[in-house]
Amino acid sequence: MFDQDFQFDSDIVDLARRLVGTRLLVRGVGGTVIETEAYGRDDPASHSWRGQTARNAAMFGPPGSVYVYLSYGCHLCLNVVGRTGEAVLIRAIRPEVGVPLMMQRRSQSPAIASGPGRVGQALGIGSGDSGQRFGTADFRLDFGPTAPRLLTGPRIGISRATDRPWRFGLADTPGLSRPFPC
DNA sequence: CCAACGATTCGCT
DNA sequence: GCGAATCGTTGGC
């Protein structure tokens, strides 16, 4: 399975669900996506809620774009852009390729990529990566071999639209950023 | 111009 | 479990 099979121009919640179980490689390093969140266009919790700005410009780029933002002044978080003004936050991956490098980037912490800031650090994401495209040599996304069993829950760390169950995780998988509600 | 605020993480109690 | 760290962006004055 290859990048061109991936349909970025689809409903953002559907895209968030489909991204769980795919293999993500950034410059040859990464693993299987195990947790995502969807952020829509008419979504008070989304960075695109108040329209396009310099910061969120990549969210308004073509489907399949990379959107990187700085969180709390210290964490670079990675998103997959869907339709205009919509994106999926990668909250956790299972480290599989280039594990020693990811461990080094994470200062040998056992929590290599269980959280959006940790994912960014483990994958070596830079602010300049915003606006790049998935499907290129640097940013690969490939379907996994099996249809994943999905967990669903409310999004983490937001104060608005907290009722939308737009967080998705791979069931029976260690390394999720937080437990899902029963 | 400036104050407030995060799609978080880490260390300490 | 709680609070500090940390800084670019945002929006109000």
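Everything numeric in this text was worked out from a predicted model, so none of it was measured. Reminder, nothing fancy here: chain letters follow the sequence lines and each chain counts from 1.
To the nearest angstrom, P of B:dA7 lies 15 Å from CZ of A:R164. Atom-to-atom, CG of A:L76 to C1' of C:dT6 comes out at 12 Å; the value is rounded to the nearest Å. Look at CZ on A:R178: it is 10 Å from C1' on B:dT8, rounded to the nearest Å. One interatomic measurement links the two molecules: OH of A:Y72 to C1' of B:dA4, which rounds to 13 Å at whole-angstrom precision. The interatomic distance linking A:I112 (CD1) with B:dC10 (P) rounds to 12 Å, in whole Å.
Contacts between residues 49-60 of chain A and DNA chain C, counted as heavy-atom distances below 4.0 Å, involve A:R50, A:T53, A:R55.
Counted by atom type alone, A:T32 and A:E96 present one or more donor-acceptor pairs between their side chains at under 3.5 Å.
Closest of all the heavy-atom pairs between A:V33 and A:L19 is CB-O, 3.3 Å.
Closest to the side chain of A:I156, from the set C:dG8, B:dA7, B:dT8, is B:dT8. For A:N79, the listed nucleotide lying nearest its side chain is B:dA7; candidates were B:dT8, B:dA7, C:dG8. Comparing B:dA7, C:dT6, B:dC10 against the side chain of A:R118 picks out B:dC10 as the nearest.
Comparing B:dA4 with C:dA4, their P atoms sit 16 Å apart, to the nearest whole Å.
Distance alone, capped at 3.5 Å, places no donor-acceptor pair between the A:R27 side chain and the A:F139 backbone. Distance alone, capped at 3.5 Å, places no donor-acceptor pair between the A:R155 side chain and the A:W166 backbone. Looking only at distances, a side-chain donor or acceptor of A:S130 sits under 3.5 Å from a matching main-chain atom of A:V68.
When the side-chain nitrogen and oxygen atoms of A:R167 are compared with OP1 and OP2 of B:dA7, none of them lie within a distance under 4.0 Å. Between A:R106 and B:dT9, a side-chain N or O to OP1/OP2 separation shorter than 4.0 Å is absent. Dashed line: the shortest gap from a side-chain N or O of A:H75 to OP1 or OP2 of B:dT9 is not under 4.0 Å.
Aromatic ring centres of A:H47 and A:Y69 lie closer together than 6.0 Å.
Using a 4.0 Å heavy-atom cutoff across all strands shown, A:L70 reaches sugar-phosphate atoms only and no base atom.
In this structure, A:Y69 forms no aromatic stack with the base of B:dA7, since the conditions of centre separation below 5.5 Å and plane angle below 30° are not both met.
For the pair A:G115 and A:S159, nearest-nucleotide mapping onto DNA chain B gives the more 5' position to A:S159. Nearest-nucleotide mapping onto DNA chain B: of A:A111 and A:S48, the residue sitting toward the 5' end is A:S48.
Nucleotide C:dT6: unpaired (no Watson-Crick or G-U wobble partner with both distances less than 3.5 Å). Pairing of B:dA7, defined by two Watson-Crick or G-U wobble distances under 3.5 Å, is not identified with any nucleotide.
Using a 30° and 60° split on the angle between ring planes, A:F143 and A:F6 fall in the parallel class, below 30°.
Atoms CG and CZ, on A:N79 and A:R91 in that order, are 11.0 Å from each other to the nearest 0.5 Å.
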